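The structure appears below as structure tokens.
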Amino acid sequence: MPNLPPSKVTPDSYLQVMRAQPYRLELDWLVEAPDGTPVAFCLAWLDEHNRVAALEPVGTDPGHRRLGLATAATLAALHAARRLGAASARVCARGDDDYPAARATYQAMGFHRYARNVSFVRDHSIQATPTTLTGT
């Protein structure tokens with residue numbers, strides 16, 4: 001497993017998420033350890049018009065991975081989304097070879113690769129040269 005950076009999620013940043021539209025508390029699932037410590041989570045966002053749930057974010061505390069906890073949170077969120085009208089769901093996980101655990105988790109739940117997101121980033125070291133266009 002790669003050395004992942006620490007989560008950028010803080011209590012304040014999550015309050016911002018909860019204030020966003022169309023956040024719904026019933027689609028926000030948390031798994032706690034017996035001592036009450038949060039160990040896994042899944043938030044589904046429901047597009048009611050298209051009847052699609054999007055899963056973001058999904059995660060597990062590193063000390064509690066490979067126990068099925070993210071799967072449990074995700075399945076709970078998916079069932080809640082279905083009760084609210086979702087007919088399908090999607091997740092935009094990287095799923096590349098640097099993140100095999102995420103890919104394996106989603107595939108074990110029945111997700112399959114449908115599309116791929118590609119990021120285009122401008123190389124600011126390249127200087128644009130102005131050109132003049134003329135017509136004939």
Side-chain angles (χ1 to χ4, degrees):
M1 179 182 316
N3 289 327
L4 301 175
S7 175
K8 296 178 183 177
V9 176
T10 65
D12 288 337
S13 70
Y14 208 78
L15 285 173
Q16 292 296 326
V17 168
M18 294 173 75
R19 290 182 187 119
Q21 288 296 327
Y23 175 85
R24 295 176 74 159
L25 182 63
E26 62 267 40
L27 296 175
D28 198 350
W29 288 82
L30 178 69
V31 176
E32 295 179 343
D35 67 0
T37 304
V39 294
F41 56 89
C42 178
L43 175 55
W45 298 88
L46 180 60
D47 175 345
E48 292 183 75
H49 177 74
N50 293 303
R51 300 182 60 208
V52 176
L55 305 177
E56 173 64 29
V58 178
T60 305
D61 178 88
H64 294 85
R65 291 192 175 139
R66 304 199 50 82
L67 299 174
L69 302 176
T71 297
T74 300
L75 290 173
L78 289 169
H79 286 290
R82 165 94 16 118
R83 286 190 300 274
L84 293 170
S88 63
R90 62 180 285 180
V91 61
C92 296
R94 281 190 48 178
D96 57 41
D97 290 338
D98 288 338
Y99 292 87
R103 180 179 55 225
T105 297
Y106 295 122
Q107 287 176 334
M109 284 188 278
F111 283 91
H112 63 276
R113 181 175 292 171
Y114 171 73
R116 181 176 173 180
N117 293 337
V118 178
S119 297
F120 292 93
V121 179
R122 182 177 180 179
D123 182 348
H124 292 284
S125 67
I126 299 173
Q127 297 296 318
T129 305
T131 57
T132 302
L133 298 177
T134 59
T136 54

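Since we're looking at a predicted model, the values are computed, not measured. Throughout, numbering of the chain's residues begins at 1 and tracks the sequence.
- Between M109 and T105 the shortest side-chain heavy-atom distance falls below 4.5 Å.
- When each of V31, D61, L30 is checked for a side chain to side chain contact (heavy atoms under 4.5 Å, CB included) with P38, only L30 meets the rule.
- For the atom pair OH (Y106) and OH (Y99), the distance works out to 12.5 Å, reported to the nearest 0.5 Å.
- Under the 3.5 Å distance criterion, with hydrogens and angles disregarded, no donor-acceptor pair is assigned to the side chains of T10 and D12.
- Taking each heavy atom of L55 and V91 in turn, the nearest pair found is O-CG2, 3.7 Å.
- At most 12 non-hydrogen atoms from other residues, nucleotides or ligands lie less than 6.0 angstrom from CZ of R90.
- Side-chain heavy atoms closer than 4.5 Å link hydrophobic residues (I, L, V, M, F, W, Y) into clusters, and following such links, even through other members, never connects L27 to L25.
- Atoms OG and CZ, on S88 and F111 in that order, are 9.0 Å from each other to the nearest 0.5 Å.
- Here the closest non-hydrogen pair linking G59 and A70 is O-CB, 4.3 Å.
- Within 6.0 Å of atom CH2 in W29, 12 or fewer heavy atoms from other residues, nucleotides or ligands are found, so the atom counts as exposed in its surroundings.
- For the atom pair CH2 (W45) and CD (Q21), the distance works out to 8.5 Å, reported to the nearest 0.5 Å.
- To the nearest 0.5 Å, atom CE of residue M18 and atom CZ of residue R24 are 14.0 Å apart.
- Distance CZ/R82 to CG/L46: 11.5 Å, rounded to 0.5 Å.
- A distance of 12.0 Å separates CZ in F41 from CG in L69, rounded to the nearest 0.5 Å.
- The minimum heavy-atom distance between R51 and G85, with the atom names listed, is NE-O, 2.9 Å.
- The two atoms that bring E32 and V39 nearest to each other are C-CG2, 4.0 Å, heavy atoms only.
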